[in-house]
Amino acid sequence: RDTDRSRGLGDVYKRQVWPSNAAYFCLLFARNQAAEAESHFYAVTPALDRALNAEGRIRIDHKDTWASDAEMVGQVPHLFKTLAKGNGLDVALLEKIQRDVRRAPRRSDVNDPTLQADLRRPTLKAYADSVGINHGHGYQTSSEAEDAGFLAGLPMMPDPREALWHVVPTQDLIPFEFERVHRKRNSNIYDSPLVLLRKSPSTQQNAPTAMLSLDRVAYRESYIGYSCAAVKEPRLMSVYLWALMNSKLFLYYALMTSSIFGCEREAVQKSDIEQFPIIPLESLSSENLGLLRELLTKAESRQFEAGDVDTIINAIYRLAPADVTLVEDRLSTALPFSRVKQSAVAPPKEEDVRRYLESLEKILKPFDFSEQPLELSAYPQSPLSPWRFIRIGGPLFEPLPKASDLLAALNLADDMGCTLVEFHQENAIHLGILNQRRYWTRTAARTFALDLIKRNDAILNRVTRSTVAT
């Protein structure tokens with residue numbers, strides 16, 4: 001359909017915005033006719049703001065409004081979810097993860113859909129099926145319909161909430177205790193070595209998302225198992241999948257693309273997990289294979305650092321420092337866990353403010369064509385204000401803005417439900433940012449810096465402004 005605009009209101013359900021509704025919802029405004037080539041889709045995805053939502057109002061962040069042509073909406077199924085949790089930077093990163101950038105098409109091939117499909121990396125499911133990885137949920141115990149048979153005597157995985165190790169200590173597990181189960185599943189999904197993925201990521205810090213078992217174990221349906229017993233290099237393949245599933249990149253991809261994780265539930269569907277684009281083990285460089293072999297040796301001896309996993313996966317997927325920062329910022333502010341939600345709306349620490357200014361300065365300085373040096377500073381935070389200001393500009397020669405002018409701008413921003421206010425002077429911008437940590441990340445600084453550069457803001461050419469004024 002020819003769509004005018006959409007307002008996704010998932011994060012404000014169960015609020016006074018729509019008091020009687022307890023489910024995620026979306027308001028859609030459209031013309032009842034087929035979309036044309038130039039048709040566009042405009043969307044707004046407001047974030048949760050308890051104080052404002054309690055009044056039946058919503059706050060719209062400057063990054064939460066976006067436009068897309070109708071064709072892209074059809075081509076990128078997760079577009080709405082990605083832009084609800086992030087912005088255009090996330091769309092670009094997901095595209096980078098999904099495609100083999102080393103095999104970029106010739107210009108004449110750009111519009112060939114078969115070649116475009118060939119550039120996409122295989123999904124986890126497609127790759128697992130092609131190399132012989134057996135996978136599936138574990139046994140079910142809701143009835144006694146089937147004889148447990150081959151599961152008898154195997155070490156039995158505990159409830160996922162109690163499984164806090166990266167490598168399963170099978171010698172410490174109790175034997176499988178059921179004679180009959182509802183569904184025992186295929187025997188080959190329990191063969192070692194295997195990777196056990198939690199259906200619901202743990203809310204505990206430092207708890208692994210996936211566990212490596214070097215011995216055959218019995219596990220229940222709250223785990224998704226990937227048995228590598230039938231592949232060419234079983235242990236190397238299993239440590240690769242284990243590292244991948246424990247990486248921040250893997251959790252980030254689920255957060256940005258899953259149909260339910262991060263929205264209505266804290267669980268991840270197997271069908272969503274299986275869409276992760278994987279780089280085949282056999283195509284990895286000798287350097288990356290060496291890193292995986294070292295990790296396997298450490299895992300076998302239970303002597304490894306959790307940070308080793310992200311270092312290896314970031315190298316395999318060729319993530320730039322800005323990509324790594326983007327992933328970390330999204331996981332620290334957008335995951336559906338209570339501790340993350342509370343941290344996201346808490347006031348930023350001075351360290352957060354310092355890193356915001358450093359990120360902003362690093363990106364802006366190469367584009368600053370002024371004779372005077374670019375200076376950035378943060379004003380002290382007033383305990384009575386939900387806003388905090390920073391200054392971007394040349395040396396402080398001109399007087400500060402009048403308090404009455406700033407208050408008028410803030411009142412207008414509050415009335416409009418904004419999160420960012422710009423107050424321009426001849427030689428500087430005074431930027432007011434809502435004093436919540438989610439708006440003070442390094443990625444937020446990068447987003448604002450890129451916006452200033454894109455619109456060629458006069459603050460980056462202050463000499464020209466002075467000359468024209470003279």
Side-chain angles (χ1 to χ4, degrees), residues 7-19 44-65 84-87 329-360 376-393 400-425 428-449 451-452 459:
R7 176 168 288 172
L9 297 166
D11 280 349
V12 297
Y13 76 116
K14 294 184 180 179
R15 307 293 167 194
Q16 292 303 310
V17 175
W18 187 354
V44 179
T45 51
L48 176 66
D49 191 309
R50 297 182 184 277
L52 209 61
N53 300 156
E55 301 175 3
R57 299 169 58 200
I58 57 176
R59 186 182 299 281
I60 300 175
D61 184 19
H62 67 289
K63 75 166 184 62
D64 288 334
T65 57
K85 292 294 181 182
N87 59 21
D329 285 344
R330 295 295 183 243
L331 295 182
S332 69
T333 59
L335 282 172
F337 308 139
S338 296
R339 61 176 174 80
V340 175
K341 291 180 179 180
Q342 293 170 3
S343 174
V345 298
K349 299 177 181 178
E350 288 304 313
E351 176 67 13
D352 296 321
V353 176
R354 183 187 63 78
R355 291 195 299 179
Y356 183 97
L357 293 177
E358 288 179 350
S359 299
L360 203 55
L376 292 86
S377 58
Y379 293 108
Q381 169 63 20
S382 168
L384 302 178
S385 174
W387 297 87
R388 183 164 186 179
F389 275 88
I390 65 173
R391 181 185 181 277
I392 309 169
L400 295 175
K402 295 180 180 179
S404 58
D405 292 338
L406 289 179
L407 287 174
L410 292 180
N411 288 335
L412 180 61
D414 284 331
D415 289 341
M416 297 178 65
C418 300
T419 63
L420 185 146
V421 178
E422 294 180 35
F423 192 93
H424 290 252
Q425 287 186 305
I429 295 177
H430 297 269
L431 184 67
I433 307 172
L434 201 65
N435 201 41
Q436 297 179 8
R437 183 174 169 272
R438 56 183 166 180
Y439 303 121
W440 287 88
T441 64
R442 290 167 293 176
T443 298
R446 178 184 170 200
T447 301
F448 181 68
D451 181 53
L452 288 178
I459 198 62

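- Smallest separation of non-hydrogen atoms from Phe448 and Ile392: CE2-CD1, 3.9 Å.
- Under the rule for a side chain to side chain donor-acceptor pair (under 3.5 Å), the partners of Thr443 that lie at least two apart in sequence or sit in another chain are Asp329.
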* Asked: Could you walk me through whether Ile433 and Tyr356 pass the side chain to side chain contact (heavy atoms under 4.5 Å, CB included) check?
  -> CA-CA 11 Å; Ile433 307 172; Tyr356 183 97; 3.4 Å; yes
* Asked: Is there a side chain to side chain contact (heavy atoms under 4.5 Å, CB included) between Arg330 and Asn87 once you walk through the steps?
  -> CA-CA 10 Å; Arg330 295 295 183 243; Asn87 59 21; 3.4 Å; yes
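- Residue Val340 comes nearest to Leu331 through the heavy atom pair CG1-O, 3.8 Å, listed as atom of the first residue, atom of the second, then distance.
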* To do: Give the intermediate values and the outcome of side chain to side chain contact (heavy atoms under 4.5 Å, CB included) for residues Leu400 and His430.
  => CA-CA 9 Å; Leu400 295 175; His430 297 269; 4.1 Å; yes
* Residue pair Arg388, Val353: steps toward the side chain to side chain contact (heavy atoms under 4.5 Å, CB included) verdict -> CA-CA 10 Å; Arg388 183 164 186 179; Val353 176; 3.6 Å; yes
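- Counting heavy atoms from C-beta on, the side chains of Asn435 and Pro348 come closer than 4.5 Å.
- Rounding to the nearest 0.5 angstrom, the gap separating the NZ atom in Lys85 from the CG atom in Leu335 is 8.5 Å.
- Residues Gly393 and Ile459 approach most closely at CA-CD1, 4.1 Å, considering heavy atoms.
- To the nearest 0.5 angstrom, Leu431 atom CG is 9.5 Å from Trp387 atom CH2.
- Between the OG atom in Ser385 and the CD atom in Gln381 there is a gap of 6.0 Å [rounded to 0.5 Å].
- The shortest non-hydrogen separation linking Ala344 to Thr333 is CB-O, 3.5 Å.
- In terms of the salt bridge (charged side-chain N to carboxylate O under 4.0 Å, His left out) criterion, residue partners of Arg354 (sequence neighbours excluded) are, by chain and number, Glu351, Glu358.
- With sequence neighbours excluded, no residue satisfies salt bridge (charged side-chain N to carboxylate O under 4.0 Å, His left out) with Arg446.
- Nearest heavy-atom pair, Ser359 versus Arg442, reported as atom, atom and distance to 0.1 Å: OG-CG, 3.2 Å.
- Atom OG of Ser343 is separated from atom CD of Gln436 by 11.0 Å, given to the nearest 0.5 angstrom.
- At least one donor-acceptor pair closer than 3.5 Å links the side chain of Trp440 to the backbone N or O of Leu434.
- Asn411 places a side-chain N or O within 3.5 Å of a backbone atom of Leu407 that can act as its donor or acceptor partner.
- Taken to the nearest 0.5 Å, the CG atom of Asp352 stands 15.0 Å off from the OH atom of Tyr439.
- The two residues Ala449 and Leu360 make their nearest non-hydrogen contact at CB-CD1, 3.7 Å.
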